[in-house]
Amino acid sequence: MSQVRVRFAPSPTGLLHIGGVRTALFNWLFARQQNGVFVLRIEDTDQSRSTEESIQAIIEGMKWVGLDWDEGPFRQTERMDLYRSHAMQLLAKGQAYWCACKAEELDARRKEAEAKGLSPKYDGRCRDRGITNPTGDAALRFKAPQEGETVVDDLIKGRIVFDNTVQDDLIILRSNGYPTYNFSVVIDDALMNITHVVRGDDHLTNTPRQIPIFQALGFSVPQFGHLPMILGSDKTRLSKRHGATSIMAYKEMGYLPEAMVNYLVRLGWSHGDQELFTRQELIEKFSWKNVQTSPAVFNPEKLLWINAEYIKVSPPAQIAQALRPLLEAAGCTEETRAISTGQLAQLVVLVKERAKTLMEMVDWVRPYLGQVVTFDEEAAKKFLTPAIAPTLGKLLACFEAFPAFSKEQWEEAFKQLVKEEGMKMGQLAQPVRVALTGRTASPGLFEVMEALGRDRTLFRLGQGIERACRA
RNA sequence: GUCCCCAUCGUCUAGCCUGGCCUAGGACAUUGCCCUUUCAAGGCAGUAACACGGGUUCAAAUCCCGUUGGGGACACCA
């Protein structure tokens with residue numbers, strides 16, 4: 001069998017959305033598993049809607065999720081001669097014809113047919129007119145088969161039969177000379193030797209339109225596979241109404257690319273009960289057989305859970321690196337630049353179990369940057385009271401007596417003091433927590449002290465006592 | 001309207017092809033408990049589904065037909 005060649009062919013009419021990423025991902029996994037080739041092709045034949053920014057957004061998104069392509073990015077607008085010459089071939093063979101109907105006329109006729117409850121398909125009035133010297137605004141139509149059936153043996157859905165009598169004579173070359181989608185995909189998929197065309201379910205009904213074009217041109221027909229759609233919580237097709245759909249929006253919200261990939265692949269594909277996969281496992285275990293046939297609702301809560309799982313197990317230094325720009329963007333520019341990645345990684349270890357996104361992590365890490373603590377007013381008011389000040393003072397004196405920080409020693413001393421004062425652990429722990437972090441919630445107290453170091457711990461404790469006395 | 005696809009807990013899904021092991025398993029979310037210096041994390045337990053109706057069969061979530069419901073496509077968009 002020849003080498004597997006698959007492609008991802010987005011149209012650059014907006015940002016790269018998660019549905020597109022999932023389609024790309026399935027293609028990519030299959031290519032990598034089969035030692036095949038993954039092609040990136042930009043379908044920009046609609047000059048009125050395609051933009052350069054969108055092309056950049058697609059490339060940026062693909063890179064972020066780590067879906068590297070082997071060939072391309074090809075742009076259809078750079079391949080116009082190919083489409084035109086093949087269209088002319090069809091014309092010469094009598095499998096295409098010029099159509100002089102005006103777009104507005106066609107529109108009107110379609111509406112009329114619909115109003116009468118008839119099929120809105122082209123009535124074929126130019127089919128046998130034999131126009132040989134078309135005026136500048138004629139379009140070229142493909143002579144679609146009008147009888148028999150077209151069978152698609154779908155990789156995911158199995159055998160699907162379409163009745164050719166409902167097929168339309170599609171326009172393949174617009175009056176402006178640009179090819180239409182259904183024609184340019186066929187030419188490109190054929191010329192690029194694509195072996196498996198895997199795309200969204202919304203293309204399923206395009207398949208019986210495209211197969212006859214492959215055949216008319218004498219190309220071998222690739223295998224097709226149609227992925228179920230991603231739906232929003234209301235079970236309609238996922239769109240902006242449902243929240244963020246652009247892949248880069250998830251980056252900005254603090255999601256990890258590996259988490260996105262893991263979530264997206266599980267949306268429509270499964271391997272028994274397994275939820276978490278390394279990329280290597282995905283490549284090994286992926287199979288069309290286990291791709292779901294029905295659409296899936298996008299569930300942000302599960303994505304959040306997966307992201308949290310990835311934050312917990314990813315190398316801390318890697319998280320630290322990704323965190324840096326977000327920290328700076330959050331206004332901690334100086335503190336962030338002052339800290340080494342190694343030190344930042346230690347903070348990541350400190351808080352990684354409580355942050356589900358990098359954005360949340362920014363907030364968790366903040367109290368450990370800089371010398372001074374920023375008090376949460378409510379927390380300070382509640383726990384840093386004059387009543388507790390003397391005990392905090394004793395604790396400070398006790399800690400100061402230790403020349404160096406030692407988690408075990410300091411914890412021992414802390415517990416000793418709690419006992420002497422006849423308090424409960426929490427009665428002293430909370431005020432100390434507020435003194436050290438400014439907040440009522442934090443990692444374990446002694447981990448916090450370790451992260452802060454002896455000097456800052458003592459400094460902040462002193463700060464807390466001052467605040468308590470003032471209150 | 002026509003054509004096509006789809007249908008298991010709220011959600012993602014296992015099981016369906018090759019009927020019995022399914023009084024339907026896992027995960028997210030949710031509820032309760034445990035752990036505990038706070039917040040998490042973790043552990044344990046619970047609530048919760050085969051859309052409906054007919055067949056076929058000794059036996060159906062699994063096979064067949066229909067109904068209903070959802071989605072998609074019917075452009076000189078992709």
Side-chain angles (χ1 to χ4, degrees), chain A residues 9-13 43-46 48-50 99 101-103 106-107 110 113-122 137-141 152 154 157-158 160-163 165-168 170-176 178-182 184-185 200-209 226 228-229 231 233 235-237 263 266-276 289-290 292-306 308 312 351-356 364 383 411 414-415 418 424-430 432-434 437 439-446:
Chain A
S11 65
T13 53
E43 311 228 320
D44 58 349
T45 54
D46 182 355
S48 62
R49 295 201 306 154
S50 298
C99 172
C101 299
K102 302 263 183 291
L106 292 168
D107 228 39
R110 196 178 306 119
E114 267 174 43
K116 286 185 190 161
L118 297 169
S119 155
K121 83 180 228 184
Y122 177 60
D137 58 355
L140 193 67
R141 279 187 192 270
V152 180
D154 196 274
K157 306 201 183 237
I160 304 162
V161 180
F162 294 88
D163 188 345
T165 58
V166 301
Q167 294 307 325
D168 214 342
L170 297 172
I171 287 180
I172 55 177
L173 231 47
R174 294 183 254 245
S175 51
N176 66 6
Y178 277 69
T180 54
Y181 164 77
N182 276 300
S184 54
V185 254
D201 219 353
D202 47 341
H203 286 290
L204 184 59
T205 52
N206 281 328
T207 312
R209 295 181 188 133
H226 292 90
M229 305 268 86
L231 272 25
S233 51
K235 304 228 177 179
T236 64
R237 197 180 175 152
Y263 176 71
R266 278 288 289 105
L267 206 55
W269 175 82
S270 60
H271 186 265
D273 288 338
Q274 192 171 349
E275 296 288 351
L276 271 10
K289 191 174 147 280
N290 299 316
Q292 200 73 4
T293 51
S294 51
V297 174
F298 182 80
N299 182 351
E301 283 171 336
K302 185 148 184 185
L303 169 61
L304 194 60
W305 173 76
I306 288 188
K312 278 187 268 185
V351 304
K352 67 179 181 178
E353 273 167 13
R354 357 208 144 217
K356 290 185 191 297
W364 275 102
F383 291 106
E411 185 163 356
F414 187 97
K415 284 182 175 157
V418 166
K424 279 193 198 158
M425 194 65 178
Q427 288 176 290
L428 185 56
Q430 281 307 79
V432 172
R433 191 182 314 280
V434 174
T437 69
R439 309 179 183 186
T440 54
S442 83
L445 221 41
F446 303 96

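Values below: all heavy atoms of this structure, side chains included; hydrogens, waters and symmetry mates excluded.
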### Task
Between rA78(B), rU11(B), rC6(B), spot the one nearest the side chain of Lys235(A), thanks.
rU11(B)
### Rounded distance (Å) that lies between atom P of rC3(B) and atom CZ of Phe162(A)
12 Å
### Query
Does a nitrogen or oxygen in the side chain of Thr293(A) sit under 4.0 Å from OP1 or OP2 of rA7(B)?
yes
### Task
For Arg110(A), report the nucleic acid contact type (base, sugar-phosphate, nothing); a contact means any heavy atom under 4.0 Å.
sugar-phosphate
### Summary
Between Arg141(A) and Cys99(A) the two heavy atoms that sit nearest each other are NE-SG, 3.4 Å
### Task
Remember a base hit wins even if backbone is also touched, and classify Ile160(A) as base, sugar-phosphate or nothing at under 4.0 Å, heavy atoms.
sugar-phosphate
### Message
Looking at Lys121(A) and Gln167(A), would you say the former's side chain and the latter's main chain have a donor-acceptor pair under 3.5 Å?
### Response
yes
### Message
Starting the side chain at C-beta, find the nucleotide from rC76(B), rA78(B), rU37(B) nearest to Glu43(A).
### Response
rA78(B)
### Message
Distance check, C1' atoms only: rU68(B) and rC12(B), in whole angstrom units.
### Response
25 Å
### Query
Looking for any heavy atom pair under 4.0 Å, which part of the strands does Asp154(A) touch: base, sugar-phosphate only, or nothing?
nothing
### Task
Please report the closest heavy-atom contact between Asp201(A) and Met229(A), naming both atoms and the distance.
N-CE, 3.4 Å
### Task
To the nearest Å, give me how far apart CH2 (Trp305(A)) and P (rA27(B)) are.
9 Å
### Task
Respond yes when some side-chain nitrogen or oxygen of Lys356(A) is under 4.0 Å from OP1 or OP2 of rA41(B), and no when none is.
yes
### Query
Taking only N and O in the side chain of Lys312(A), is any of them less than 4.0 Å away from OP1 or OP2 of rG42(B)?
yes
### Query
If the C1' atom of rA51(B) is compared with that of rG70(B), how far apart are they to the nearest Å?
11 Å
### Message
Less than 4.0 angstrom from a charged side-chain N to a carboxylate O is my criterion; do Asp137(A) and Lys102(A) meet it?
### Response
yes
### Query
In whole angstroms, how far is the P atom of rU38(B) from the CZ atom of Arg433(A)?
7 Å
### Query
Within the structure shown, what part of the strands sits under 4.0 Å from Asn206(A) by heavy-atom distance: base, sugar-phosphate, or nothing?
base
### Summary
Picking from rC76(B), rC3(B), rG72(B), the nucleotide nearest the side-chain atoms of Leu106(A) would be rC76(B)
### Query
So what does Cys101(A) hit on the nucleic acid, given a heavy-atom distance under 4.0 Å: a base, only sugar-phosphate, or nothing?
base
### Summary
Between CD of Gln427(A) and C1' of rU38(B) the distance, given in whole Å, is 14 Å
### Message
Taking pairing as Watson-Crick or G-U wobble with both contacts under 3.5 Å, can you name the mate of rU2(B), or confirm there isn't one?
### Response
rA73(B)
### Message
Please determine whether side-chain contact (heavy atoms from CB on, under 4.5 Å) holds for the pair Thr207(A) and Phe162(A), giving the CA-CA distance in whole Å, both sets of side-chain angles, and the decisive distance to 0.1 Å.
### Response
CA-CA 9 Å; Thr207(A) 312; Phe162(A) 294 88; 5.5 Å; no
### Task
Just call it for Glu275(A): base, sugar-phosphate, or nothing, with non-hydrogen atoms closer than 4.0 Å on any strand.
base
#### Entry: Donor + acceptor pair across side chains of Thr165(A), Asp163(A) (<3.5 Å)
yes
### Query
What does Ser48(A) touch in the nucleic acid at a heavy-atom separation under 4.0 angstrom: a base, only the sugar-phosphate, or nothing?
nothing
### Query
Roughly how far apart, to the nearest Å, are rU62(B) and rC50(B) at atom C1'?
10 Å
### Query
In whole angstrom, what separates Phe383(A)'s CZ from rC39(B)'s C1'?
12 Å
### Task
Could you tell me whether Ser294(A) contacts a base, only the sugar-phosphate backbone, or nothing, with contacts defined as non-hydrogen atoms closer than 4.0 Å?
sugar-phosphate
### Task
Report the distance from atom CG of Asp201(A) to atom C1' of rC3(B), rounded to the nearest whole Å.
14 Å
### Message
Using a distance-only criterion (donor-acceptor N/O pair, under 3.5 Å, no hydrogens), is the base of rA75(B) paired with the side chain of Asp107(A)?
### Response
no
### Message
I'd like the P distance from rC28(B) over to rA45(B), given in whole Å.
### Response
14 Å
### Query
Can you tell me how far C1' in rG10(B) sits from the matching atom in rC76(B), rounded to whole Å?
45 Å
### Task
Spell out yes or no: do the side chain of Thr205(A) and the base of rC3(B) have one donor N/O and one acceptor N/O closer than 3.5 Å?
no
### Residue Arg266(A), side-chain atoms from C-beta onward, closest of rG26(B), rC76(B), rC6(B)
rG26(B)
### Query
With a 4.5 Å heavy-atom cut-off, do Leu445(A) and Val432(A) have their side chains touching?
yes
### Query
For Lys415(A) and Met425(A), what are the C-alpha separation, side-chain angles and deciding distance, and is it a side-chain contact (heavy atoms from CB on, under 4.5 Å)?
CA-CA 7 Å; Lys415(A) 284 182 175 157; Met425(A) 194 65 178; 4.2 Å; yes
### Task
Can you see which heavy atom on Val297(A) is nearest to which on Tyr263(A), and at what distance?
O-OH, 4.1 Å
### Task
Confirm from the modelled atom types if Asp273(A) and rG25(B) form a donor-acceptor pair under 3.5 Å, side chain to base only.
yes
### Message
Please classify the nucleic acid contact of His226(A) as base, sugar-phosphate, or nothing, using heavy-atom distances under 4.0 Å.
### Response
nothing
### Summary
On RNA chain B, more 5' by nearest nucleotide between Phe446(A) and Ala355(A) is Phe446(A)
### Query
Rounding to a whole Å, what distance do you find between Leu231(A):CG and rG69(B):P?
17 Å
### Message
Of the listed nucleotides (rA78(B), rU37(B), rC12(B)), which one gets closest to any side-chain atom of Leu445(A)?
### Response
rU37(B)
### Summary
Smallest heavy-atom separation, Arg433(A) atom then Thr440(A) atom, equals CD-O, 3.2 Å
#### Entry: Touch class at under 4.0 angstrom, heavy-atom based, for Thr180(A) against every strand present
sugar-phosphate
### Message
Just to be sure I understand the rule, does Thr45(A) reach a base, reach only the sugar-phosphate, or reach nothing, if contact means heavy atoms closer than 4.0 Å?
### Response
sugar-phosphate
### Query
With a 4.0 Å cut-off on heavy atoms, is Gln292(A) in touch with a base, just the backbone sugar-phosphate, or nothing at all?
sugar-phosphate
### Query
Just checking Ala296(A): base, sugar-phosphate only, or nothing, at a heavy-atom cut-off of under 4.0 Å?
sugar-phosphate
### Task
Measure from the side chain of Pro295(A), starting at C-beta and using heavy atoms only, and say which of rA75(B), rC6(B), rA78(B) lies closest.
rC6(B)
### Message
Please give the distance between the P atoms of rC9(B) and rG26(B) as a whole number of Å.
### Response
16 Å
### Task
Using the C1' atom as the reference point in each nucleotide, state the distance between rU18(B) and rU23(B) in Å, no decimals.
25 Å
### Task
For Ser270(A), report the nucleic acid contact type (base, sugar-phosphate, nothing); a contact means any heavy atom under 4.0 Å.
sugar-phosphate
#### Entry: Who pairs with rU56(B) - Watson-Crick or G-U, where each distance is under 3.5 Å
none
#### Entry: Per Ser175(A) side chain, nearest of listed nucleotides rC12(B), rA78(B), rC76(B)
rC76(B)
### Message
Output the rounded distance in Å from CD (Glu411(A)) to C1' (rU36(B)).
### Response
12 Å
### Query
Watson-Crick or G-U wobble partner for rU36(B), using a 3.5 Å limit on both distances?
none
### Query
Who is the Watson-Crick or G-U wobble partner of rG19(B), with both distances under 3.5 Å?
none
### Task
Identify the nucleotide, in any strand shown, that forms a Watson-Crick or G-U wobble pair with rU30(B), with both distances under 3.5 Å; if there is none, say none.
rG46(B)
## Note on the structure
The answer to which of Asp44(A) and Glu301(A) contacts RNA chain B further toward the 5' end, by nearest nucleotide, is Glu301(A)
